[in-house]
Protein chains: 2
Amino acid sequence: MCQHRYMSNAAPNALSDPATDATALPLIGAEAEPCCPPLTERPLTAEEAVRTAAMFKALGDPVRLRLFSLVASHEGGEACVCDISDVGVSQPTVSHHLKKLKDAGLLTSERRGTWVYYRVAPTVVAAMGKMLGQHAV
Amino acid sequence: MCQHRYMSNAAPNALSDPATDATALPLIGAEAEPCCPPLTERPLTAEEAVRTAAMFKALGDPVRLRLFSLVASHEGGEACVCDISDVGVSQPTVSHHLKKLKDAGLLTSERRGTWVYYRVAPTVVAAMGKMLGQHAV
DNA sequence: TATCTATGTTGACACATGTCGAAGTGGGGG
DNA sequence: CCCCCACTTCGACATGTGTCAACATAGATA
């Protein structure tokens, strides 16, 4: 599941061994607690709103949302850019959107050899879900 | 909690009696099932992404996110525009943003007398939460 | 009816954003 | 060493978006 016509062996996705999975989750790194209480608890402050809106904004574009969904639902929880081709935009545009998702803290990237792999940042996404009133774990 | 200097009695928020509350929840009306499975289940189609991105986009602005949080956390689950004043933008801008939230299906509005009351559309917001991986109810 | 208040709408403007082609970077293979 | 491939960055462009002042509308009160 990666239509590369280069380097036919050395299955790229097979590199995601358990050890890699465990250590590949530093998430956003700088910020362990992404943001803010549920939106129903109290009004957000201006600063909280700015930080949080950036995350929602990142998912507020159809192409980015598809990219995010594509990575999130991909086998092994990660996908390389080569797995993405039919999103309807050029490849530089895909790269541009992936960077935005990464900057928003929703995705992390890791280069392994020739390919770059993206995976979702679970805690950040979970925090967004909680803000929308999904109090249950 | 509504600094109107007109019509000193007839407490506006007191109008939210149980009967009104029960009937004030037709939600988005047209669309009972807002959208889409969890983002981790399968890649979104283009059409799904467009519909869903519009909802996330609505929350992707700091002012709108504050407005939404303000309505969601307000007493009685509803707030009139007069309850909102310190968001840092002019009143027409507030109205503009409330309309956007309404168009996205995240808020509903109802006019009762002089004032217009906004409340959140619970099913739509819950659906967004579920898409972010909060599978539990 | 006239007038006041609470909201929504319009028009205009500056700015942000999505998009692409072209050029740049980084790593593997021959 | 050079080429090829995967991916990113750059420059430019059209379009979208947030913002406001000014105007329009809807009820309520007198």
Side-chain angles (χ1 to χ4, degrees), chain A residues 1-13 15 46 49-50 53-54 56-67 71 78-85 87-104 107-118, chain B residues 1-13 15 46 49-50 53-54 56-67 71 78-85 87-104 107-118:
Chain A
M1 47 218 56
C2 185
Q3 53 277 41
H4 32 57
R5 43 258 188 245
Y6 196 67
M7 190 187 190
S8 49
N9 55 348
N13 277 341
L15 289 178
V50 169
F56 283 106
K57 190 179 200 172
L59 293 181
D61 178 87
V63 173
R64 279 199 295 271
L65 194 60
R66 279 186 90 182
L67 290 175
V71 170
E78 67 179 8
C80 83
V81 187
C82 61
D83 291 320
I84 304 162
S85 52
V87 194
V89 294
S90 71
Q91 190 273 330
T93 303
V94 168
S95 191
H96 168 71
H97 283 307
L98 286 173
K99 176 174 170 53
K100 284 217 159 187
L101 286 167
K102 192 174 149 194
D103 290 345
L107 291 183
T108 61
S109 70
E110 181 193 1
R111 178 166 211 138
R112 289 206 297 277
T114 305
W115 293 280
V116 178
Y117 293 88
Y118 284 85
Chain B
M1 46 220 60
C2 183
Q3 52 279 41
H4 32 59
R5 45 252 186 249
Y6 198 69
M7 189 186 189
S8 49
N9 55 346
N13 277 342
L15 292 178
V50 169
F56 282 107
K57 189 180 201 171
L59 293 181
D61 178 87
V63 174
R64 280 199 294 272
L65 194 60
R66 279 187 88 184
L67 289 175
V71 170
E78 68 180 7
C80 83
V81 187
C82 60
D83 291 320
I84 305 161
S85 52
V87 194
V89 295
S90 70
Q91 183 273 327
T93 304
V94 168
S95 192
H96 168 71
H97 284 307
L98 286 173
K99 177 174 169 54
K100 284 217 161 185
L101 286 167
K102 192 175 148 191
D103 290 345
L107 289 183
T108 62
S109 70
E110 181 194 2
R111 178 166 211 137
R112 290 204 298 275
T114 304
W115 293 279
V116 178
Y117 293 86
Y118 285 85

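Numbered from 1 within each chain, the chains take letters A, B, ... in sequence-line order. Remember, it's a predicted structure, so these values are computed and weren't measured experimentally.
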| query | Does the side chain of A/Lys57 get closer than 4.0 angstrom to OP1 or OP2 of C/dA16 through an N or O atom? | reply | no
| said: Which is more 5' along DNA chain C, the nucleotide nearest A/Asp61 or the one nearest B/Ser95? Just name the residue. | reply: B/Ser95
| said: In whole Å, I'd like the distance from the CG atom of B/Leu101 to the P atom of D/dT17. | reply: 14 Å
| request: For A/Val94, answer base if it contacts any base atom (sugar-phosphate contacts may also be present), sugar-phosphate if it contacts only those atoms, and nothing otherwise; contact means non-hydrogen atoms under 4.0 Å. | output: nothing
| note | Between the OG atom in B/Ser109 and the CG atom in B/Leu101, the distance rounded to the nearest 0.5 Å is 11.5 Å
| query | CD of B/Glu110 versus C1' of D/dG27: gap in Å, rounded? | reply | 15 Å
| query | Quick one: is B/Lys99 getting a side-chain N or O under 4.0 Å of the C/dT7 phosphate, OP1 or OP2? | reply | no
| Short side-chain N/O contact to C/dT5 OP1/OP2 from B/Thr114, under 4.0 Å | no
| query | Rounded to whole angstrom units, what separation is found between the CD atom of B/Gln91 and the P atom of C/dT9? | reply | 11 Å
| field | Any B/Ser90 side-chain nitrogen or oxygen under 4.0 Å from OP1 or OP2 of D/dC20 | value | yes
| message | Just to be sure I understand the rule, does B/His96 reach a base, reach only the sugar-phosphate, or reach nothing, if contact means heavy atoms closer than 4.0 Å? | response | base
| message | Just the rounded figure in Å: distance from C1' of D/dC7 to CG of A/Leu98. | response | 10 Å
| message | Has B/Arg64 got a side-chain atom pairing as donor or acceptor with B/Ala58's backbone, closer than 3.5 angstrom? | response | yes
| Would you say the side chain of B/Tyr118 lies within less than 4.5 Å of the side chain of B/Val81, judging by non-hydrogen atoms? | yes
| note | To the nearest 0.5 Å, atom OG1 of A/Thr108 lies from atom CD of A/Glu78 at 9.0 Å
| said: As a test of reading the structure: which of C/dA22, D/dT19, D/dC7 is closest to the side chain of B/Val63, going by heavy atoms? | reply: D/dT19
| query | Distance check: side-chain N/O of B/His97 vs OP1/OP2 of D/dT17, anything under 4.0 Å? | reply | no
| message | Does D/dT19 have its OP1 or OP2 closer than 4.0 Å to a side-chain nitrogen or oxygen of B/Thr93? | response | no
| Please give, in whole Å, the distance from D/dA28 C1' to B/Trp115 CH2? | 9 Å
| Residue whose closest nucleotide on DNA chain C lies nearer the 5' end, A/Gly88 versus A/Gly113 | A/Gly88
| Rounded to the nearest 0.5 Å, what separation is found between the NE2 atom of B/His96 and the CD atom of B/Gln91? | 13.0 Å
| request: Check for a donor-acceptor pair, side chain of A/Arg111 on one end and backbone N or O of A/Gly113 on the other, with a separation under 3.5 Å. | output: yes
| request: Could you tell me whether the phosphate oxygens of D/dG18, OP1 or OP2, come under 4.0 Å of any side-chain nitrogen or oxygen in B/Arg64? | output: yes
| Whole-Å distance separating the CZ atom of B/Arg111 from the P atom of D/dT25 | 13 Å
| query | In whole angstroms, how far is the C1' atom of D/dA6 from the CG atom of A/Asp83? | reply | 12 Å
| task | Report the nucleotide, chosen from D/dC20, C/dT19, D/dT8, that has the shortest atom-to-atom distance to any side-chain atom of B/Val89. | result | D/dC20
| said: Any base atoms under 4.0 Å from B/Lys100, or only sugar-phosphate, or nothing? Heavy atoms, all strands. | reply: sugar-phosphate
| Nearest-Å distance for atom pair CG/P, residues B/Asp103 and C/dT9 | 9 Å
| query | Looking only at side-chain N and O atoms, does A/Tyr118 come under 4.0 Å of OP1 or OP2 in D/dT8? | reply | yes
